[in-house]
Amino acid sequence: MKHPGKIVPFLIVLGLLLAGLQIDEAAAAPRPNPPSGTSEPIRITGIRHQPTSSSSRVVIDLEAQVPFEGHRLSDPPRLYVDLFGVNLSRPLSWKTVSIGDGIIDQARLAENRPGVVRVVLDLAGPGEHRIFSLPDPPRLIIEVKRKDGKAPSDQVGEARTAARRLKIVIDPGHGGKDPGAIGPGRLEEKEVVLDISLRVKRLLDATGRYETLLTRSGDVFIPLEERTAIANSHKADLFVSIHANANTKKTARGISTYRLGMNPDQDAVELAARENKTSRRKLSEVELILKDLVLTSKSNESILLAQTVQSAMVNETRSLNHNGSDLGIREALFYVLVGAEMPAVLTEVSFITNLEEEKLLRKDAYRQALAQGIVQGIEMFLQESKRVTSRAN
Ligand SMILES: [Zn+2]
């Protein structure tokens with residue numbers, strides 16, 4: 001990795017921060033193994049309630065990140081999360097926190113068996129939830145949204161969030177004369193990514209929190225350069241380009257998310273060459289823009305966005321794509337991302353050239369899971385970047 005001197009330490013810090021970011025859902029995801037008995041248990045140092053504009057959160061403060069496992073029970077509605085390799089610090093040896101905000105009634109914390117602490121949330125009713133851990137400071141967050149999407153009753157700052165809705169541009173790759181990659185069963189990338197993008201837009205619109213724009217909503221050709229120009233001219237806050245991967249190796253499979261960067265691996269070079277095919281932009285021109293870009297903070301924000309989108313997509317599709325693989329976040333010279341004035345990423349949702357993944361990409365359920373992952377990743381990014389910004393101020 002070659003970066004100008006001042007940027008390197010920051011990127012390393014950010015990389016460490018990102019490496020520790022995990023998301024989890026109570027679904028059928030494989031669980032990390034609890035740490036072996038020889039290591040010192042990690043202590044839970046606190047539990048607190050945190051209402052946000054759209055949900056109710058319980059935050060468990062820890063000395064370090066630990067493996068966890070969440071479960072949902074319906075009668076009465078409650079949620080429990082086991083944390084492995086942990087001890088309760090003495091004042092917390094048994095604790096109930098009453099919340100009563102119309103979403104979570106109370107949170108209970110107790111040692112379930114040696115080295116395992118169970119957090120139980122008694123819920124006011126059905127609602128979506130997610131569980132994720134953040135590294136700095138180490139904490140586990142259990143977030144619950146009410147089914148009707150209403151905010152908790154004791155929330156603050158509603159007027160402020162209503163003032164300006166964030167603008168998100170979703171870019172379905174290819175279109176019109178450019179079909180993109182084509183699978184062994186003749187499925188076309190342009191059709192799959194448009195459908196996923198429309199699903200992403202519906203999910204984002206349903207929250208009422210965003211203004212969502214699509215670079216194309218039908219089967220039309222749009223030059224790569226115009227796609228970011230659309231986002232820039234609308235002063236968008238985020239840009240997410242959606243594609244399906246292809247490889248001459250039929251066994252290649254998995255999900256990956258890219259940011260613009262100058263240090264691609266060999267696969268990324270080939271992928272970018274294919275995705276850039278329709279561009280008339282000269283490489284020398286692109287490299288000039290890139291030198292600028294590495295010096296801006298958008299590059300670091302794009303790393304965070306790539307990370308949250310990638311992990312949420314992998315998580316959401318795990319139960320449908322049993323042999324799927326997490327190819328992680330990568331960088332490449334995608335022309336469609338060049339010149340974006342906002343955090344911008346390109347996601348390759350699966351390999352259309354892989355027989356099994358092509359079949360999955362035909363399925364509604366798989367497309368929906370990918371869309372949900374992208375939306376969840378966007379929301380996690382927004383929450384995390386807001387936190388970093390407010391801490392820096
Ligand atoms: Zn593509």
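When a ligand or atom number is given, it counts from 1 through the structure's own listing order.
In this structure a side-chain-to-backbone donor-acceptor pair under 3.5 Å is present from Asp101 to Ile104.
At a cut-off of 3.5 Å, with distance as the only test, no side-chain donor of His243 or Thr347 sits close to an acceptor on the other residue. Donor-acceptor pairing under 3.5 Å is recorded for the side chains of Gln383 and Arg57. For Tyr366 and Asn321, the side-chain atoms include at least one donor-acceptor pair closer than 3.5 Å.
Here Arg202 pairs with nothing under the salt bridge (charged side-chain N to carboxylate O under 4.0 Å, His left out) rule; sequence neighbours left out.
The number of protein N, O or S atoms lying under 2.8 Å from the Zn ion (ligand 1) is 5.
A cation-pi arrangement is absent between Arg253 and Phe351, since the terminal nitrogen or guanidinium carbon is not both under 6.0 Å from the aromatic centre and inside a 45° cone about the axis.
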